[in-house]
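Input: a single structure, listed below in structure tokens.
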There are 2 protein chains.
Amino acid sequence: MTSGEPTHLPTLEEVARVAGVSRATVSRAINGGSRVSPQAQAAVDRAVAQLGYTPNRAARSLVTRRTDSVALLVPETGARFVSDPFLTGVLQGVTTALAGTELQLVLLVAQHAGDTARQLRYLRSGHVDGALVTSHHGNDELALEMSRLGLPFVFGGRPFDPDSVAVPYVDADNVNGGRLAAEHLIGTGRRRLATVAGPADMSAAVDRLDGWRRALEEAGLHADAVEHGDFTIDGGTAAMERLLRHHPDVDGVFVASDPMASAALQVLRNFGRRVPDDVAVVGFDDTMLATTTTPPLTTVRQPAEEHGERMVEMLLEQLAGSPPRLGGEILPVELIVRESA
Amino acid sequence: MTSGEPTHLPTLEEVARVAGVSRATVSRAINGGSRVSPQAQAAVDRAVAQLGYTPNRAARSLVTRRTDSVALLVPETGARFVSDPFLTGVLQGVTTALAGTELQLVLLVAQHAGDTARQLRYLRSGHVDGALVTSHHGNDELALEMSRLGLPFVFGGRPFDPDSVAVPYVDADNVNGGRLAAEHLIGTGRRRLATVAGPADMSAAVDRLDGWRRALEEAGLHADAVEHGDFTIDGGTAAMERLLRHHPDVDGVFVASDPMASAALQVLRNFGRRVPDDVAVVGFDDTMLATTTTPPLTTVRQPAEEHGERMVEMLLEQLAGSPPRLGGEILPVELIVRESA
DNA sequence: CTCGATCGTGAGAGCGCTCTCACACCCACG
DNA sequence: CGTGGGTGTGAGAGCGCTCTCACGATCGAG
């Protein structure tokens, strides 16, 4: 059944022999076929079909110095990546956008915290033509390293200091998202507002908090009820519990990710608060989770798939030779009103 | 890591020159280093570190005929893959298990239904050393094709007819899962039982239904209340609505995946049924979703990560030269009791 | 000592492909 | 009829690596 003997793969040489032309002509015929006579082209096509020929990528890559593959670099450990519905949405957009190309996706997931050195070494060694970088924490060290690499790349999410660290990136309009959440809660009469923000070392979290704060201040409300979570369910549970302890009179909460928001709903229920009657909750993401909670989440929708697709498009531009456009493309967000607020 | 020049990558040749030995010796020193004197080894190590040398994979692959990468073949379209928490759990296990090796993961997601021809062509062309195949539908065509390829591979989920189609695979004990769900519902006094099963063309769905039916029959209960869904939320909603229409007196439901079970909870609520008071619900998977629903799901836990890890281990055995063990490894499942049943 | 075995080493032949270059051929133009 | 400029083609030189093979040095056994 599974033969131990790996089948012999046909080479360019053999195609050339069968087609009755030279290797060079076959190569031309296969790659876009400029300067190839119709007869030669037809003969090659026939031979290729007959032999079931596919070019050997390694050999081609050796001379062209291209690999026809790009990396998706995930500085998180696998667990975190895969349990975040937003990130999997981005992954979906990436695979969709790549489907129309010849490029393969190599998944480069961090093995443990602080594993970026290994990942960078891989990128530096010419194994891929470009890289997509998702979900980056902390300072802009990674962005700086990537810039030094001289490899085309695109970030998902802006760097912390986009003025001094100029990299191409795609981001959601997180500031406006925070503002939309605030305005909705204020507009529906809530006055004791609080937020479960994301990690203070992620720009997405900072921006959402920023928009939130500004909207509250403009409305003359206090914006000091803030607890941070790490965007996960467990982190959301802990943060929401702290929030209720410190601010028991809260009547409206903006929770900066859907996983954390679903956790917040559980905590509120455990504390005997009704949602939305006693406390209104607004989430962020609008992933699958938002529709499965009770009550369904009112949440700020960010377009995860489109996020991934745009990242690929910006990378393709660079691979086609355009200089990287330093700076970001900001995708719009939108408030989706369901029942939790 | 100093200049931003179009970096010239150091070659074996240069390492050899710096170390004062021949290319052959450097090659030996880098690959396991048998038959290399300690002095030579040390000189090479020093040169490698100094130059920041990394072997060119394409060149190596060209001669060794190995690529040091494996494919994760997803016959589903991206959307489906990424929105299934079980599959993302498997992906996590795969990346974890691969982390300890030199192997890279190439994601091969179907571009559209019936795209397997393209995927098979890719596999056949020697671009990867092996393949992991997840979530396969329908007949055993793909399993047969894979067998013919002569490429090491492992399936996630058994083939439909494991006796005539002998392939290596990892699977959960789905039959027992269906049984556990049934026994729990019966044991808590439910008598009007129904199930939302998975697609009839997936072995996992068939097995869960099988175990369920057998347990019901052994208890002398009717096992004819069955609706099929496609494992997604939307599919679960539609199936649960049909179920309630055809069997309005149901008091216990086994829903064959967590996404479908979360949908079932919504439908039941919309129909004014209380869970678990009026209707008890048991899900399958025990993914993140199971804890975010109201009430939290009682569900059959299948070890998604372990599933992925075992697949990798079985593939590694083959890559190391062992003949593929035709037949399956069945992972145990476990009932997790929460509040929905 | 002599002899064969063992060890560390380097020379060199490719792996399958692309790409430059030279060349033969054809056509229009003066 | 030359001449110049296309156009299609093939020969051949590598890309960076591994691996076989031959060779001198070393060593223990006889």
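Chain letters run A, B, ... following the sequence lines, proteins first and then strands; every chain starts at 1.
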Tell me the interatomic distance from [X], atom [atom1], to [N], atom [atom2], rounded to whole angstroms.
X: A:R57; N: C:dC15; atom1: CZ; atom2: P; result: 22 Å
X: A:Y53; N: C:dT18; atom1: OH; atom2: C1'; result: 11 Å
X: B:I30; N: D:dC17; atom1: CD1; atom2: C1'; result: 10 Å
X: B:L12; N: D:dC19; atom1: CG; atom2: P; result: 12 Å
X: B:N31; N: D:dC17; atom1: CG; atom2: P; result: 10 Å
X: A:R28; N: D:dG8; atom1: CZ; atom2: P; result: 10 Å
X: A:R23; N: C:dG16; atom1: CZ; atom2: C1'; result: 8 Å

Residue of the set B:L73, B:T134, B:L142 for which side chain to side chain contact (heavy atoms under 4.5 Å, CB included) holds with B:F155: B:L142
Which atom pairs link the protein and nucleotides 6-8 of chain C when you take only N or O atoms and keep those under 3.5 Å?
none

Between [X] and [Y], what is the shortest heavy-atom contact and its length?
X: B:Y169; Y: B:P159; result: CD2-CD, 3.6 Å
X: B:Y53; Y: B:T11; result: CE1-C, 3.6 Å
X: B:V154; Y: B:L315; result: CG2-N, 3.6 Å
X: B:S203; Y: B:F160; result: N-CE1, 3.5 Å

For a quick test of reading the model: is some side-chain N or O of [X] closer than 4.0 Å to OP1 or OP2 of [N]?
X: B:T25; N: C:dT9; result: no
X: B:S27; N: D:dT18; result: yes
X: B:R65; N: C:dG16; result: yes
X: B:N56; N: D:dC15; result: no

Distance in Å, B:L132 CG paired with B:M311 CE, rounded so as to fall on 0.5 Å steps: 4.5 Å
Going from CD on B:E145 to OG1 on B:T116, what distance comes out if it is rounded to the nearest 0.5 angstrom? 7.0 Å
Picking from [options], which would you name as closest to the side chain of [X]?
X: A:L62; options: C:dT18, D:dC17, D:dC15; answer: D:dC15
X: A:A24; options: D:dC17, D:dA11, D:dC19; answer: D:dA11
X: B:R60; options: D:dT18, D:dA11, C:dG10; answer: D:dT18

Looking at side-chain heavy atoms only, is the closest gap between B:L331 and B:H307 below 4.5 Å? yes
Taking distance alone, no hydrogens or angles, what donor-acceptor pairs closer than 3.5 Å link side-chain atoms of residues 97-107 of chain A to residues at least two apart or in another chain?
unit_1, atom_1, unit_2, atom_2, d
A:T101, OG1, A:L98, O, 2.8
A:T101, OG1, A:L103, N, 3.0

Just to verify, what does A:R57 make a salt bridge (charged side-chain N to carboxylate O under 4.0 Å, His left out) with, not counting sequence neighbours? none
Using the side chain to side chain donor-acceptor pair (under 3.5 Å) criterion, which residues pair with A:S69? Sequence neighbours excluded. A:T67
Of B:A59 and A:V63, whose closest DNA chain C nucleotide lies nearer the 5' terminus? B:A59
A:N31 side chain to A:R60 side chain, donor-acceptor N/O pair below 3.5 angstrom: yes
Per the end-axis method with five pairs at each terminus, what is the bend angle of the helix from C:dC1-D:dG30 to C:dG30-D:dC1, to 10°? 40°
Identify, residue by residue, the members of residues 13-22 of chain B with a heavy atom below 4.0 Å from DNA chain C, and return them in order of residue number, or none. B:V21, B:S22
